[in-house]
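For ligands, and for the atoms within them, numbers begin at 1 and follow the listed sequence. Note: hydrogens, waters and symmetry copies are ignored here, and every other heavy atom, side chains too, is used.
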Amino acid sequence: MAASYDILIIGGGGAGLTAALYASRAKLNTALFEKLVPGGQIALTDIVENYPGFPEGVTGGDISNRMAEQAKKYGTIFFYETVESIKKVGQLFEVKTNKLTHQAKSIIIASGAFYRQIGVPGEKELIGKGVSYCAVCDGAFFKGKEIVVIGGGDSAMQEGLFLTRFVTKLTVIHRRDKLRASAILQERAKTNPKIHFIWDSVITSIQGSGKVDGVRLKNVKTGEEQDLKTNGVFVFIGQDPATQFLKGVVQLDEKGYVVTKENLETSVPGIFACGEVRKGAVKQLVSACGEGCEAALAAQAYVENMN
Ligand code: NAP
């Protein structure tokens, strides 16, 4: 059994890092668990333009590192472990990871969400061979190539615009004839000479042996099908909450998001949730940070009432 903490935070995105900052500044013994790198989805974003205080924008990597540094400065201990289960033993929670079992008086869930897959033939087989869910990670591999981007939301437009730095042509394939993305991103995408659109269409398969060389498209209005040659498929069709390890622990909604009360407490006293993993969250960095603060203050009150 590893050490015991006052507050154990699961997830190191904007919500988790802000919760860590507030908890450690309150002199609570705070640990943060993250699978990969601090920053969560933000760390994989090229530029953040809507976080107040950065009129020129700030890179996802930069703001993530700065937030992590700030939490560490006040004493948060970082662990790069994957949480597998949580159970209550007496007054404490036991959190089992892929490496150890840790104990805590209170838990803050900030595990975020992960990119959804389309679920068509060829997708799984060609991940890393032309199929990607991360423009910042994989964009440079597509220098001088032609790619398709699936989705019509903010992620598809923002990541697509970033990808135009590398590619010669990018075709957005969207299942409707209207984008969901915010007006400013729509305008930038529609006026970018490298970006083209195929409307009312979905991908029915991804082709290629060893690497992507094309996709099969279907027009959802006419039923017409066509093949399109492409070197890469970037998928941005929304996210699913990272809550596998919470099944049977706290109340989740039908989509798997954590249900919280007004003070961000879950159905289990002492377990709080914030950011994208939470039902009703608006999925912006600034609101994730706000929720991280709120969850930390509520967890602090819980821990202080225990003592
Ligand atoms: P999203 O807003 O849910 O958009 C997903 C897009 O994918 C939609 O256009 C949707 O089509 C399409 N789609 C969903 N399932 C599909 C399927 N099975 N096949 C084909 N297309 C499918 O997801 P997101 O763009 O990842 O954004 C998630 C949240 O993060 C949003 O709240 C967004 O505002 C926020 N975000 C903000 C920023 C920013 O502020 N700069 C950047 C990224 C994300 P329909 O439109 O037909 O539903």
Side-chain angles (χ1 to χ4, degrees), residues 13-15 39-61 63-64 110-124 131-137 139 148-163 170-190 192 195 197-206 215-221 225 228 233-242 255-257 274-291:
Q41 284 187 35
I42 292 299
L44 305 178
T45 302
D46 166 39
I47 187 130
V48 179
E49 291 183 324
N50 50 9
Y51 193 82
F54 294 91
E56 308 302 327
V58 55
T59 69
I63 196 161
S64 303
S111 48
F114 53 85
Y115 284 115
R116 210 175 271 159
Q117 301 192 347
I118 336 174
V120 296
E123 183 181 20
K124 270 204 169 70
V131 174
S132 173
Y133 306 84
C134 177
V136 173
C137 318
V148 298
V149 163
I150 320 299
D154 280 334
S155 298
M157 294 310 113
Q158 180 158 341
E159 305 307 310
L161 284 159
F162 170 73
L163 287 164
L170 183 160
T171 305
V172 173
I173 296 163
H174 184 38
R175 65 183 179 183
R176 291 188 294 140
D177 60 0
K178 278 191 189 65
L179 296 173
R180 180 178 291 279
S182 56
I184 190 158
L185 290 175
Q186 286 200 32
E187 188 188 303
R188 282 186 204 162
K190 285 179 176 167
N192 188 306
I195 300 185
F197 292 87
I198 296 181
W199 303 105
D200 297 317
S201 295
V202 293
I203 281 192
T204 53
S205 68
I206 302 175
V215 289
R216 186 144 186 87
L217 301 180
K218 183 177 175 185
N219 184 302
V220 294
K221 286 193 174 152
E225 296 201 38
L228 181 73
V233 180
F234 280 79
V235 181
F236 300 109
I237 60 165
Q239 288 112 30
D240 288 314
K255 291 182 180 157
Y257 288 91
C274 53
E276 286 216 15
V277 74
R278 195 181 71 77
K279 179 181 179 176
V282 294
K283 302 184 181 183
Q284 300 292 314
L285 178 58
V286 66
S287 56
C289 294
E291 289 188 16

Query raised in the report: Which residues satisfy the side-chain hydrogen bond (donor to acceptor under 3.5 Å, both in side chains) test with Lys283, sequence neighbours excluded?
Result: Tyr257
Query raised in the report: Which atoms form the tightest heavy-atom contact between Tyr51 and Val286, and what is the distance?
Result: CE1-CA, 3.9 Å
Query raised in the report: Which distance, rounded to the nearest 0.5 Å, do you find between the CD of Glu159 and the CG of Asp46?
Result: 7.5 Å
Query raised in the report: Is any side-chain heavy atom of Met157 less than 4.5 Å from a side-chain heavy atom of Arg188?
Result: no
**Report entry** Short N or O distance, Ser155 and ligand 1, threshold 3.5 Å exclusive
**Finding:** yes
Report task. Give yes if a backbone or side-chain nitrogen or oxygen of Gln284 is under 3.5 Å from a nitrogen or oxygen of ligand 1, and no if not. Result -> yes
Query - Enumerated ligand 1 atoms positioned under 4.0 Å from heavy atoms of Gln158 - result: 39 (C), 41 (N), 42 (C)
Query - Contact check: Ile150 vs ligand 1, nitrogen or oxygen atoms, below 3.5 angstrom - result: no
Report task. Mark the output for Glu49 as yes if a heavy-atom distance to ligand 1 is under 4.0 Å, and as no if none is. Result -> no
Query raised in the report: Would one find an N or O of Asn50, backbone or side chain, under 3.5 Å from an N or O of ligand 1?
Result: yes
Query raised in the report: Which ligand 1 atoms are under 4.0 Å away from a heavy-atom of Arg176?
Result: 45 (P), 46 (O), 47 (O)
**Report entry** Check: Arg116 N/O within less than 3.5 Å of ligand 1 N/O
**Finding:** no
